[in-house]
2 protein chains.
Amino acid sequence: MARKPGSRAEITGPRLRAAALRLFARHGFAAVSMRQIAAEVGVQAGALYQYIDDKQGLLFDLMRSHMDDLLADWAASNPPAAPASARLEHFARFHIRFHHERADAVFVSYMELRNLTPAHFAVIEGLRRRYETELEAILRAGQDEGSMALPDTKLAAMALIAMLTGVNTWFREGGRLSRARVEDIYVDMVRKAVGG
Amino acid sequence: MARKPGSRAEITGPRLRAAALRLFARHGFAAVSMRQIAAEVGVQAGALYQYIDDKQGLLFDLMRSHMDDLLADWAASNPPAAPASARLEHFARFHIRFHHERADAVFVSYMELRNLTPAHFAVIEGLRRRYETELEAILRAGQDEGSMALPDTKLAAMALIAMLTGVNTWFREGGRLSRARVEDIYVDMVRKAVGG
DNA sequence: GTCTATAATTGGATAGAC
DNA sequence: GTCTATCCAATTATAGAC
């Protein structure tokens, strides 16, 4: 396929998304201009509209990709046959790792929900709900097995996810503790919190 | 003291702060204009600058007031002589209650840190750090007493605060569970998470 | 203390050249 | 596919009248 000089669509699209994610995470969706994103990508602002419908649609695409990745990675790594306590530990380690590796996307996905249209918001909420349900299933299995005791499964799932996601607010590689050590400590608290 | 007709400084100041807090929580700091705030208050945009230096200073004032209130209310309610387990339960209930009653301020204080100047950011971070230290002191006392066992006191404090603050993301009065019941369930998980 | 008016800049998005 | 140029609306903040 012939390509005009200056045409680099295959790389401009991903670069646009990467730059937008980084800038939205750093400054907030509303505070970032299309001109800033374009400057980061190395094109003019008008050129961005070859790849997006509008600014809000760009935000939605970033969030949906993040949630799709989360559910796909979890589905690919979850060992469904193991006992509930092992699956819970696996969930905790997966959650910390996945969220640490994509701090910008996590930040944007949690902070910019109010900038979505109602229709787009409903899609993201549905995906988030599906992820919570995965943890709830583990907690229910643990209670059926008798290895866990919880007054309210849904609340426990919310509480554990909030606790694990909170790691992102303070943990930085190269600090006092390694990520593996942080995982160990959180797994210990998670196990105890759901214990009989 | 004589007061000109139309002058209502005593109520415009608080109304400005209340409107700004509500709008910032709903739409985000960068997305809210001074005209929107002024319209909510019932004055013209220019009049707001009698009460604030600039938009960013208004945000800082809101955050500092929130953190000051948090530390003051905690200091007034904390029973320092009780055993650590009782103090921990008290902390959990206080945290859930205080944060639920001021959902807008909590939201703004956690989401808009990036919109502060470095100097203002340092002040807010210091106040947040002081609050975390309060919980750490309880956890250390519990370990000295032998009623708690934790691999890392600082991490445990961060984890518990993230878990408790997470209540704000989903709990609404009038739903499936009362706030008292939610408190009970979280206290149960907090106790178990720090247990020996 | 609040108003009107405005300065100076910036915003998202589009049109048409190349 | 990207550029330049531009439209039009909106922004923060200030000046000066009342």
Side-chain angles (χ1 to χ4, degrees), chain A residues 1-63 108 112 114-117 119-120, chain B residues 1-24 26-63 108 112 114-117 120:
Chain A
M1 197 94 91
R3 197 179 310 159
K4 288 184 202 165
S7 292
R8 320 202 299 173
E10 291 86 355
I11 70 164
T12 298
R15 275 168 59 84
L16 158 58
R17 296 164 59 83
L21 190 62
R22 215 177 57 80
L23 288 169
F24 290 166
R26 189 104 70 215
H27 307 291
F29 173 76
V32 174
S33 71
M34 297 305 292
R35 284 173 176 81
Q36 272 178 276
I37 299 172
E40 196 93 348
V41 175
V43 299
Q44 293 295 317
L48 299 181
Y49 290 85
Q50 292 288 327
Y51 303 91
I52 63 169
D53 293 336
D54 55 20
K55 195 187 177 192
Q56 196 272 154
L58 169 59
L59 177 64
F60 172 64
D61 282 343
L62 293 173
M63 286 197 195
V108 169
E112 306 294 356
R114 58 194 169 187
N115 285 303
L116 295 176
T117 62
H120 284 167
Chain B
M1 198 96 94
R3 197 180 311 161
K4 287 183 201 161
S7 295
R8 321 203 299 174
E10 291 87 355
I11 71 164
T12 298
R15 275 168 59 84
L16 157 58
R17 296 164 59 83
L21 190 62
R22 215 177 57 81
L23 289 169
F24 289 165
R26 189 104 70 213
H27 307 291
F29 173 75
V32 173
S33 70
M34 299 304 292
R35 283 176 176 80
Q36 273 178 275
I37 299 171
E40 198 92 347
V41 174
V43 299
Q44 294 295 317
L48 299 181
Y49 289 85
Q50 292 289 326
Y51 303 92
I52 62 169
D53 292 336
D54 54 20
K55 197 188 176 191
Q56 195 272 152
L58 169 61
L59 176 64
F60 172 64
D61 281 344
L62 294 173
M63 286 198 195
V108 170
E112 306 293 357
R114 58 195 169 188
N115 286 304
L116 295 176
T117 62
H120 284 167

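Within every chain, numbering begins at 1; the chains are lettered A, B, ... in the order of the sequence lines, protein sequences first and strands thereafter. Only this structure's heavy atoms are used, side chains among them; waters, hydrogens and symmetry mates stay out.
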Problem - Where A:L59 and A:E112 come nearest, the two heavy atoms and their spacing - result: CD2-O, 3.8 Å

Practice task
Whole angstrom is fine here: how far is it from CZ in B:R15 over to P in C:dG1?
Solution key: 16 Å

Problem - Whole-Å distance separating the CG atom of A:L16 from the P atom of C:dG12 - result: 13 Å

Fill in the blank from the handout: On a heavy-atom basis, the closest approach of B:Q44 and B:A38 is C-CB, 3.7 Å

Problem - Minimum heavy-atom distance A:M34-A:Y49, with the two atoms named - result: CG-OH, 3.5 Å

Problem - Residue A:Q50, side-chain atoms from C-beta onward, closest of C:dT2, C:dG11, D:dG1 - result: D:dG1

Exercise for the section: Answer yes or no: is there a side-chain heavy-atom contact under 4.5 Å between A:F24 and A:I37? Expected result: yes

Completion exercise
Hits for salt bridge (Lys or Arg N to Asp or Glu O under 4.0 Å) against A:R22, two or more places apart or cross-chain, chain-then-number order -> A:E40

Fill in the blank from the handout: A correct 5'-to-3' footprint of nucleotides 13-18 of chain D, with B, S and - meaning base, sugar-phosphate only and no protein heavy atom under 4.0 Å, is BB----

Problem - Phosphate OP1/OP2 of C:dG1 contacted by B:T12 side-chain N/O (<4.0 Å) - result: no

Handout entry: side-chain N/O A:S33 vs C:dT10 OP1/OP2, d < 4.0 Å
Key = no

Practice task
Would you please confirm or rule out a distance under 4.0 Å between OP1 or OP2 of C:dT2 and any side-chain N or O of B:Q44?
Solution key: no

Problem - Qualifying residue, where the test is side chain to side chain contact (heavy atoms under 4.5 Å, CB included) with B:D61 and the options are B:R17, B:H120, B:Q56 - result: B:R17

Fill in the blank from the handout: Taken to the nearest whole Å, CD1/A:I11 to C1'/D:dT2 is 13 Å

